[in-house]
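Letters A, B, ... mirror the listed sequences (proteins, then strands); counts begin at 1. Values below: every heavy atom of this structure, side chains too, minus hydrogens, waters and symmetry copies. All values reported here derive from a predicted model rather than from experimental measurement.
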Number of protein chains: 2
Amino acid sequence: MGPTIADVARVAGVSRSTVSYALSGKRSISGETRQRIFDAIRDLGFTANAGARALATRRTMVLGLLMQFEPDEFAPAMLQYVMAVTETARRKGYDILLVTDHDGPAALRRITDSGMVDGVVLLDVLHDDPRLPVLREAHRPAATVGLPADTEGLDVYDLDFGAAARQIVDHLRDLGHPEIVLITPPRPVFSRGGAYSWRFRDAAVEQAARRGVRLTAHYGEADPSRIPATVGAVLDAHPQATALIVHNDATAAMLPAVLGARGVAVPGDLSVISLYSADFARTFSLPYTFVESAPGLLGRSAVEALVHRLDHPGGPDRPVTRLVAPHLIDRGSTR
Amino acid sequence: MGPTIADVARVAGVSRSTVSYALSGKRSISGETRQRIFDAIRDLGFTANAGARALATRRTMVLGLLMQFEPDEFAPAMLQYVMAVTETARRKGYDILLVTDHDGPAALRRITDSGMVDGVVLLDVLHDDPRLPVLREAHRPAATVGLPADTEGLDVYDLDFGAAARQIVDHLRDLGHPEIVLITPPRPVFSRGGAYSWRFRDAAVEQAARRGVRLTAHYGEADPSRIPATVGAVLDAHPQATALIVHNDATAAMLPAVLGARGVAVPGDLSVISLYSADFARTFSLPYTFVESAPGLLGRSAVEALVHRLDHPGGPDRPVTRLVAPHLIDRGSTR
DNA sequence: CTGAAAGCGCTTACAG
DNA sequence: CTGAAAGCGCTTACAG
């Protein structure tokens, strides 16, 4: 379609290799030649063909972003990861191939075997994620958001859900709450292997026991229309509970409406504390004290690790698993 | 990295061209040869290199998806378009390059001039969108979701916001409402050139005048935390109003909480009707009568039109502008 | 400082 | 029904 490097070479009166080197800066070009080349590039409106470059360099400068949309996940929260990944990638000179195929392993094999991407970022990684075996065969650098059971060869980033749970339980205990109710992610998230669900819950249960606090965990609803009834039933079942921990975006988003309808005042009647991102809180005007889930940081870190690995092939850096320390934002909804 | 077509040819004992033809099916291969080729492909785990294929065929089988994240837009609604586009593309054999650069025109030029994509889908198209001139120079097929002022050369899909407004006004008038309040998208959406905002509002105002109904339009809030106060102020300013039209996702999402807090019963005290997708309503458990905004249909249609054009280059089909007729779902929140 | 040439891994006229 | 060869548009040793 457009002009090729040969056109530029001809107009500038140099060889194609000289144009290529001028473009890459991989060897020095005399000032005057350089000038003629860039003039020609500008005049012709030349842009190097990505496919040809990829074929020659074996680098596409494209990253695969694999996400899955589970019906029991709350879509609004996902976009924050996507945005963080995309923007970081661009800043590092990479584009993003977005893959949402239902068959994640097959999709991964496809984009990787065909050389469409230099590396991949996996979102929504499960404890025993079926994409990981494929990834290991593919011999491509990869970073994940989410902690799998086997982190071998991966750069892994996730929130430290255990620490988050302990911090939240301690926070409530220090305020003197004797009985706490926890709403966890929906049951399908547990059975599917969404490890963050039990990492948080189990740590909360343990910490509560250690601190001598009564804590009961209940599954949140996957079906939004049932959230009000379920929250109501949970609160009814624990009339003595003075604090509620919400580890479920869908429930958190509806909580003001649900508690408002029940006439429950926060923190007067009930202390509420949750786990989500500041951006999420802003989008839904959630007034609760929360632990930041840090999608921006996690997405950005994953991409930066991946890019670093791509830009330093065979480098000395061991794959890293980083669990981000929780950060509690006190909005005054507990006391 | 992996095996190439030459490896397959050697193992199968045929020429590279025969392997290529076996793969593409563009000429007939004897049964036995075919068998040997596919055995070799399977044994070697061969997948054709996408870059090399793109270079030879001048088709990448990748579509660019350009979206912009404006801070005054409600992120949760965007994902539905992305999913529809991505899934439709895959079903048609295309992958998606997701581009979210702040500088849309530059990003478009980049992916298009470098031949990274065969065509593009533009989301959030403005009335006078700065990406369109770039697109026209690029000579690539493109489809949009959103109606620009100049549709020349584009396949354009959008909801018929004018018809939607008229249908909603008529619906309320038929129920006997003499005074209606409309909450529009935030003011920045208008000034930026988000044409759907005024297409809906102006049609609503006109239709109300035509029908002898009093209708007042107010800007919705871009800042979620101010939505409750703004909705309250709007209702206070129109104590006689018996019906509320909401054309703003952020406001709609918070409406149950806001109206609940004010003690406003729907439809007892106030009839409420809105404009969003069924999926959106489900995510936020919104119980209101609404006109379907059809993100799935629009995203899918745009991709299908684009793919059709790519698969039939130089075809006879004129570019099409399709405004999808509104469909009202009665959930009983008006009377 | 610069160029001629090989090579990246495919596809597709051209020939038989 | 099949193969040898040119070509897609780059990059990069190799040579000077």
Can you tell me if the side-chain N/O atoms of [X] get under 4.0 Å from OP1 or OP2 in [N]?
X       : N      : value
A:Ser20 : D:dC10 : no
A:Arg58 : C:dG7  : no
B:Thr4  : C:dG9  : no
B:Lys26 : C:dT11 : no

Inset, instruction - Kindly write out the residues that satisfy ring pair (Phe, Tyr, Trp, His ring centres under 6.0 Å) with A:His312, not counting sequence neighbours, or none if the list is empty. - result: A:His308
Inset, instruction - Using the test ring pair (Phe, Tyr, Trp, His ring centres under 6.0 Å), find all partners of B:Tyr94 that sit at least two apart in sequence or belong to another chain. - result: none
Inset, instruction - Taking Watson-Crick and G-U wobble pairs with both distances under 3.5 Å, convert DNA chain C into its dot-bracket string, 5' to 3', dots for unpaired and | for cross-strand pairs. - result: |||.||||||||.|||
What integer distance in Å separates [X]:[atom1] from [N]:[atom2]?
X       : N      : atom1 : atom2 : result
A:Arg36 : C:dT2  : CZ    : P     : 8 Å
A:Ile29 : C:dG3  : CD1   : P     : 9 Å
B:Met61 : C:dC10 : CE    : P     : 17 Å
B:Leu55 : C:dT12 : CG    : P     : 12 Å
B:Arg53 : C:dC10 : CZ    : P     : 8 Å
A:Asn49 : C:dC8  : CG    : C1'   : 13 Å
B:Leu23 : C:dT12 : CG    : P     : 11 Å

Inset, instruction - Among C:dC8, D:dC8, D:dC10, find the nucleotide with the atom closest to the side chain of A:Arg16. - result: D:dC10
Legend entry - Closest to side chain of A:Thr18, choosing from C:dT2, C:dC10, D:dC8: C:dT2
Legend entry - Matching residue for B:Val19 among B:Ile5, B:Thr33, B:Val11 - test: side chain to side chain contact (heavy atoms under 4.5 Å, CB included): B:Ile5
Legend entry - Upstream residue (5' side of DNA chain C) when B:Ile5 and A:Ser15 are each assigned their closest nucleotide: A:Ser15
Legend entry - Pairwise 5' ranking along DNA chain D for A:Ala48 and B:Arg34, keeping only the more 5' one: B:Arg34
Legend entry - Residue pairs passing the salt bridge (charged side-chain N to carboxylate O under 4.0 Å, His left out) test where at least one lies in residues 96-107 of chain A, sequence neighbours excluded: A:Asp101-A:Arg110, A:Asp101-B:Arg90
Legend entry - Residue pair A:Asp7 / A:Phe46, side-chain heavy-atom distance below 4.5 Å: no
Inset, instruction - Evaluate the side-chain proximity of A:Arg192 to A:Leu126: yes if any heavy-atom separation is below 4.5 Å, no if none is. - result: yes
For a quick check of understanding: with a heavy-atom distance under 4.0 Å over all strands, which category does [X] fall into, base, sugar-phosphate or nothing?
X       : result
B:Ser30 : sugar-phosphate
B:Thr33 : sugar-phosphate
B:Thr57 : sugar-phosphate

Inset, instruction - Please assess A:Asp155 against A:Arg322 for the test side chain to side chain contact (heavy atoms under 4.5 Å, CB included), listing each intermediate value before the final yes or no. - result: CA-CA 8 Å; A:Asp155 287 308; A:Arg322 179 122 41 224; over 6 Å; no
What's touching nucleotides 13-16 of chain D from the protein side, N or O pairs under 3.5 Å?
unit_1: D:dA13; atom_1: N7; unit_2: A:Tyr21; atom_2: OH; d: 3.2
unit_1: D:dA13; atom_1: N6; unit_2: A:Tyr21; atom_2: OH; d: 3.2

Under 3.5 Å, which donor-acceptor pairs do the side chains of residues 76-89 of chain B form with other protein atoms, sequence neighbours left out?
unit_1: B:Gln80; atom_1: OE1; unit_2: B:Ser277; atom_2: OG; d: 2.6
unit_1: B:Gln80; atom_1: NE2; unit_2: B:Ser277; atom_2: OG; d: 3.3
unit_1: B:Thr86; atom_1: OG1; unit_2: B:Val82; atom_2: O; d: 2.7
unit_1: B:Thr88; atom_1: OG1; unit_2: B:Ala84; atom_2: O; d: 2.7

Inset, instruction - State plainly whether the residues A:Asp118 and A:Arg309 are in salt-bridge range, i.e. N to O under 4.0 Å. - result: no
Inset, instruction - Taking atom CZ of A:Arg34 as the centre, report whether more than 12 heavy atoms of other residues, nucleotides or ligands fall under 6.0 Å from it. - result: no
